[in-house]
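Okay, structure first, notes after.
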Amino acid sequence: MGAQKKTKKSNESINARLALVMKSGKYVLGYKQTLKTLRNGKSKLVIIANNTPPLRKSEIEYYAMLAKTGVHHYVGDNNELGTACGKYFRVCTLSITDPGDSDIIRTMPGSQAGDA
């Protein structure tokens with residue numbers, strides 16, 4: 001019972017931070033653009049929906065590892081990730097290039113903001 005509440009709370013905080021990034025930061029939605037930002041070294045954090053195809057997921061994780069960028073596996077599917085971004089369409093992957101006013105880069109597990 002307690003674990004369910006904890007994941008719901010953390011999911012809500014992620015959604016709130018994502019909404020702040022959408023308002024004040026810079027981001028790209030989609031697989032191709034995410035790979036492009038990773039190759040150019042502009043990406044700060046990559047968020048992947050949980051129903052992303054395994055090959056695509058591993059490719060993004062590999063590029064992120066090379067670019068020393070954090071990867072966060074979103075708890076919901078691509079419909080929920082799109083809704084969290086304030087869009088009316090599905091979002092499989094998104095790359096945050098500038099967090100704006102949000103502290104999403106520092107608070108995400110898996111992001112290497114402290115290592116750099």
Side-chain angles (χ1 to χ4, degrees):
M1 189 81 172
Q4 179 67 26
K5 193 169 186 180
K6 176 94 170 101
T7 57
K8 186 146 176 75
K9 181 105 167 83
S10 67
N11 204 17
E12 284 172 3
S13 70
I14 290 165
N15 288 353
R17 290 189 175 100
L18 256 178
L20 194 56
V21 169
M22 297 298 138
K23 249 194 213 120
S24 65
K26 287 188 171 62
Y27 61 95
V28 293
L29 303 174
Y31 171 68
K32 286 183 178 177
Q33 288 182 300
T34 299
L35 286 183
K36 214 177 280 186
T37 59
L38 282 169
R39 278 198 301 265
N40 295 335
K42 290 187 170 75
S43 181
K44 303 274 193 297
L45 176 70
V46 176
I47 299 176
I48 306 174
N50 70 356
N51 63 343
T52 306
L55 182 66
R56 186 173 282 197
K57 194 182 286 191
S58 63
E59 187 178 2
I60 290 170
E61 286 169 349
Y62 179 69
Y63 272 98
M65 183 263 305
L66 291 176
K68 296 184 177 67
T69 303
V71 175
H72 176 71
H73 297 280
Y74 190 73
V75 181
D77 63 357
N78 54 7
N79 282 315
E80 292 170 30
L81 184 56
T83 305
C85 294
K87 306 296 180 197
Y88 293 112
F89 48 83
R90 297 176 291 229
V91 174
C92 209
T93 62
L94 79 104
S95 171
I96 298 170
T97 54
D98 174 34
D101 300 332
S102 178
D103 61 343
I104 196 164
I105 307 284
R106 287 188 298 264
T107 56
M108 281 294 167
S111 61
Q112 287 113 355
D115 297 347

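- Distance check: Thr93 OG1 to Leu81 CG gives 8.5 Å after rounding to the nearest 0.5 Å.
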Check against side chain to side chain contact (heavy atoms under 4.5 Å, CB included), Ile96 and Lys26: CA-CA 6 Å; Ile96 298 170; Lys26 287 188 171 62; over 6 Å; no
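- A side-chain donor from one of Tyr31 and Glu59 sits under 3.5 Å from a side-chain acceptor of the other.
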Candidate pair Thr83 and Glu80, rule side chain to side chain contact (heavy atoms under 4.5 Å, CB included), full reasoning: CA-CA 5 Å; Thr83 305; Glu80 292 170 30; 5.5 Å; no
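- In this structure, Tyr88 is not a member of the same hydrophobic cluster as Met22, with clusters built from ILVMFWY side-chain heavy atoms closer than 4.5 Å.
- Between the side chain of Ser58 and the backbone N or O of Leu55 there is at least one donor-acceptor pair closer than 3.5 Å.
- Here Ser43 contributes atom OG and Ile60 contributes atom CD1; the two are 10.0 Å apart, rounded to the nearest 0.5 Å.
- Between the CD atom in Glu61 and the CG atom in Leu38 there is a gap of 11.0 Å [rounded to 0.5 Å].
- A donor and an acceptor atom, one from each side chain of Tyr74 and Asn51, are nowhere located under 3.5 Å apart.
- When side chains are defined from C-beta on, Ile104 counts as touching Leu45, because their heavy atoms get closer than 4.5 Å.
- Between the side chain of Asn50 and the main chain of Val75, a donor-acceptor pair closer than 3.5 Å is present.
- Here the NZ atom belonging to Lys87 is positioned 15.5 Å from the CG atom belonging to Asn79, to the nearest 0.5 angstrom.
- Residue Ser95 forms a side chain to side chain donor-acceptor pair (under 3.5 Å) with just one option from Thr69, Thr34, Thr37, and that option is Thr37.
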Begin with the C-alpha distance, continue with both residues' side-chain angles, and end with the deciding distance and a verdict on side chain to side chain contact (heavy atoms under 4.5 Å, CB included) for Thr97 and Tyr27. CA-CA 5 Å; Thr97 54; Tyr27 61 95; 5.6 Å; no
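- Closest non-hydrogen pair, Cys92 versus Thr52, comes out as SG-OG1, 3.3 Å.
- Taking CZ of Arg17 as the reference point, atom CD1 of Ile105 lies at 11.5 Å (rounded to 0.5 Å).
- Surrounding NZ of Lys42 are at most 12 heavy atoms belonging to other residues, nucleotides or ligands under 6.0 Å away.
- Closest of all the heavy-atom pairs between Val91 and Gly82 is CG2-CA, 3.7 Å.
- Checked against Cys85 for a side-chain contact (heavy atoms from CB on, under 4.5 Å), the options Val21, Leu29, Ile47 give a single hit: Leu29.
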